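Note that the coordinates shown come from a computational prediction; the quantities given were computed from them, not determined experimentally.
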Amino acid sequence: SLDAVTSQIAAVRLRLFLKHKEQSHEAEKHSTEEIIRIVRKADGDDTIESICRGYNISKATFHRWRRTYGDMDLADTQRFKELEKENVEL
């Protein structure tokens, strides 16, 4: 029935909203320096799955961080923050 479909659509929208809200908070939980340290752990013997479990992040978040911060060193973080600030001001 139409009511059942409408109810299902509302439930899906709510799940998507909550997932998006959770993902946006993930970035706030970890500093740039910590993200780089987390990504670097995968260069060692730790598996991506164990890293994600240990830091309570999704694999998608880990791979997004790796794409964004993978080539950065901790020394690069200050310059990265300055560039982000400049982008916001523009």
Return the OG1 to NZ distance between Thr47 and Lys41, rounded to the nearest 0.5 Å. 11.5 Å
How close do Cys52 and Ser58 get, counting heavy atoms only, and between which atoms? SG-O, 3.7 Å
Evaluate whether atom CG of Asn87 has more than 12 neighbouring non-hydrogen atoms of other residues, nucleotides or ligands under 6.0 angstrom away. yes
Rounded to the nearest 0.5 Å, how far does CD of Glu49 lie from CZ of Phe62? 9.5 Å
Looking at Asp45, I'd like to know if its CG atom is crowded, meaning that more than 12 non-hydrogen atoms belonging to other residues, nucleotides or ligands lie closer than 6.0 Å. no
Nearest heavy-atom contact between Ile48 and Ala42 is CG1-CB, 4.4 Å
Looking at CD1 of Ile38 and CG of Asp46, how far apart are the two atoms once the value is rounded to the nearest 0.5 Å? 11.5 Å
Value for NE2 (His30) from CG (Asn56), rounded to nearest 0.5 Å, stands at 7.5 Å
Pairwise distance OG1(Thr32) to CE(Met72) - rounded to 0.5 angstrom: 7.0 Å
Roughly how far, to the nearest 0.5 Å, is CZ of Arg40 from CZ of Arg66? 9.0 Å
